[in-house]
Amino acid sequence: MKWLAWTLCALTTVASATSTQQSVRPYAVTGDAIEKSLTGQAGDAKRGAELIQQRHKSLCVLCHSGPFPEPHLQGTLAPDLTGIGERLSAGQLRLRIVDMKRLNPASIMPTYYGVVPNDRNTRVADAWRDKPVLTAEEIEDLVAYLQTLRR
Amino acid sequence: MLRLALLGALVVAAVGAVADIAPKDRRSGFEFMSPQTQAMQSDETSNPGMLWVADGERLWGESRGSAGKSCASCHDDAVDSMRGVAARYPAFDEETKRPIDLMSRIDQCRAKRQGAPSLTQQSDELLALTAYVAYQSRNMPIAPPDDPRLQPFRDNGRDWFNRRLGQLQLSCASCHDERWGARLGGSVIPQGHPTGYPLYRLEWQTVGSLQRRLRGCLVGVRAQPFDFGAPEFVDIELFLMERARGLPMETPAVRP
């Protein structure tokens with residue numbers, strides 16, 4: 001049984017390495033988590049707190065509410081992030097930001113760390129082509145910040 | 001394997017059934033607005049879109065182009081001749097063998113019958129004429145024509161509506177079929193029915209077309225928007241009008 005787990009782990013790693021481009025580094029998924037930091041280092045929770053409110057960059061508050069300023073400008077399309085640091089581990093938070101669709105293909109949460117192949121049906125805009133929504137560093141900052149959200 | 005395929009078909013059918021908005025649940029964007037914005041639309045003396053309608057009425061009677069004709073030279077009083085027309089558009093165009101929207105139809109008429117130069121898609125003159133013509137259908141139910149030649153184009157529009165687009169990989173249906181009534185940022189998501197175009201959008205501070213509105217959503221999901229006048233836009237409008245069948249026309253609507 002152990003060999004199967006290892007094979008699966010290796011396969012997913014290879015899959016993420018081949019399906020992405022230079023701007024996205026490979027990562028390994030274990031269960032419903034990415035245990036290792038995408039950068040190899042811990043993120044900065046303070047920068048993450050600023051980033052989560054940048055509605056045109058991180059987009060988070062367009063769908064999620066949480067303990068942030070201006071609650072009337074927060075969306076109701078996704079779970080409230082209050083106390084999320086108690087419910088999910090760093091690794092679980094990381095995978096959900098990186099690629100929520102791996103856990104739920106019907107999710108509307110964008111894949112933040114991946115590159116959408118551009119073709120006549122996806123029509124990725126010039127400015128966003130071949131790029132992930134956020135960098136590995138930015139995602140680590142968000143993970144660090146979200147871990148601080150406890151009731 | 002067959003069992004798997006059947007299960008897959010069932011799941012797809014179930015998702016499809018959930019996604020479509022039942023006719024009894026169809027609601028105009030008007031119903032999602034604040035009472036103040038509703039009042040602004042309903043009272044024609046406060047509706048800023050009426051300025052474009054008034055402009056359109058004037059243009060309707062003015063001669064243009066080498067033929068020395070106005071719209072009224074052939075169509076007489078729009079109050080009679082244009083009644084209900086906008087509620088049936090887009091229609092099949094015999095010349096190009098594909099659907100044409102009201103705006104392009106008006107522009108085509110100018111070029112062919114009046115011998116006047118083509119107007120750009122978002123020009124105030126074309127928006128005003130279109131608003132004036134569409135105003136003649138106000139409060140009439142949307143009634144797409146039963147023309148089988150339109151069906152492949154409508155299907156194409158439906159495919160675009162359901163397709164995940166752009167870097168954010170969201171479809172029109174993700175929000176407007178499946179999550180209407182919820183809030184995106186500070187704004188309530190409406191069902192996305194094109195009941196009131198051209199309309200006055202407070203965000204734009206002017207009157208604009210459905211295509212302008214659709215471009216806004218495409219840019220929002222970080223997709224390359226179609227050009228103004230693109231056939232894909234007409235196909236999407238064709239699908240949206242079928243999806244909004246029965247809802248009353250509101251041109252010139254006001255939206256936030």
Side-chain angles (χ1 to χ4, degrees), chain A residues 20-21 23-24 52-66 68-80 97-102 104-135, chain B residues 8 11-19 32 34 155-190 203 214-227 230-233 235-236 256:
Chain A
T20 51
Q21 314 223 342
S23 48
V24 175
I52 206 160
Q53 289 173 55
Q54 291 176 22
R55 47 208 308 118
H56 296 292
K57 185 173 170 71
S58 71
L59 315 165
C60 305
V61 294
L62 293 182
C63 294
H64 293 277
S65 52
F68 328 117
E70 301 187 301
H72 66 288
L73 294 178
Q74 295 168 8
T76 59
L77 294 167
D80 189 293
I97 301 172
V98 164
D99 188 7
M100 182 63 200
K101 292 190 183 87
R102 184 189 279 258
N104 174 15
S107 173
I108 57 166
M109 178 154 171
T111 296
Y112 276 79
Y113 199 58
V115 169
V116 176
N118 176 51
D119 59 41
R120 58 177 295 279
N121 282 337
T122 59
R123 298 185 65 85
V124 180
D126 286 342
W128 306 106
R129 219 164 273 175
D130 302 325
K131 290 178 192 154
V133 178
L134 292 178
T135 64
Chain B
V11 168
V12 169
V15 168
V18 168
F32 298 88
S34 70
D155 290 343
N156 188 41
R158 175 190 289 269
D159 288 346
W160 278 114
F161 187 86
N162 288 316
R163 194 170 283 152
R164 286 178 179 254
L165 300 172
Q167 191 200 35
L168 303 185
Q169 288 289 287
L170 291 164
S171 69
C172 309
S174 305
C175 285
H176 299 287
D177 265 354
E178 294 156 22
R179 288 171 180 82
W180 59 267
R183 254 179 27 213
L184 175 70
S187 317
V188 178
I189 298 173
E203 187 189 306
L214 292 172
R215 281 174 64 95
C217 264
L218 286 167
V219 169
V221 302
R222 301 182 174 178
Q224 196 68 29
F226 300 110
D227 293 333
E232 288 89 347
F233 271 147
D235 294 355
I236 293 169

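We name chains A, B, ... by the order of the sequence lines, and we start the count at 1 in each one.
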Which answer fits [X], side chain, backbone, both or neither, if we ask what part of it has an atom under 4.5 Å from a heavy atom of chain A?
X	answer
L170(B)	side chain
L218(B)	neither
R222(B)	both

Non-hydrogen atoms of R120(A) and W160(B) that approach each other most closely = O-CH2, 3.3 Å
For residues I108(A) and S174(B), report the shortest heavy-atom separation together with the two atoms involved.
->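 Between these two residues, the closest heavy atoms are CG2-CB, 3.9 Å.
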Without swapping roles, check the side chain of [X] against the backbone of [Y] for a donor-acceptor pair under 3.5 Å.
X	Y	value
T76(A)	A182(B)	no
Q169(B)	T111(A)	no
R183(B)	Q74(A)	yes

Residues that T135(A) engages under side-chain contact (heavy atoms from CB on, under 4.5 Å), provided they are two or more places apart =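 T135(A): side-chain contact (heavy atoms from CB on, under 4.5 Å) contacts with E137(A), E138(A).
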Within-4.5 Å side-chain heavy-atom neighbours: Y112(A) and L168(B) = no
Pairs of heavy atoms under 4.5 Å with chain B: top-ranked of R55(A), M109(A), K101(A), E70(A) |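 Sorted descending by pairs with chain B, the first entry is K101(A).
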Determine the option with the most heavy-atom pairs under 4.5 angstrom with chain B, choosing from H56(A), K131(A), R123(A).
-> R123(A)
Need one label for [X]: side chain, backbone, both or neither, based on atoms under 4.5 Å from any heavy atom in chain B.
X	answer
A106(A)	backbone
H64(A)	neither
V116(A)	side chain
V133(A)	both

Salt bridge (Lys or Arg N to Asp or Glu O under 4.0 Å) with R129(A): which residues, sequence neighbours excluded?
-> D126(A)
To the nearest 0.5 Å, tell me how far T122(A) OG1 sits from Q167(B) CD.
-> 11.0 Å
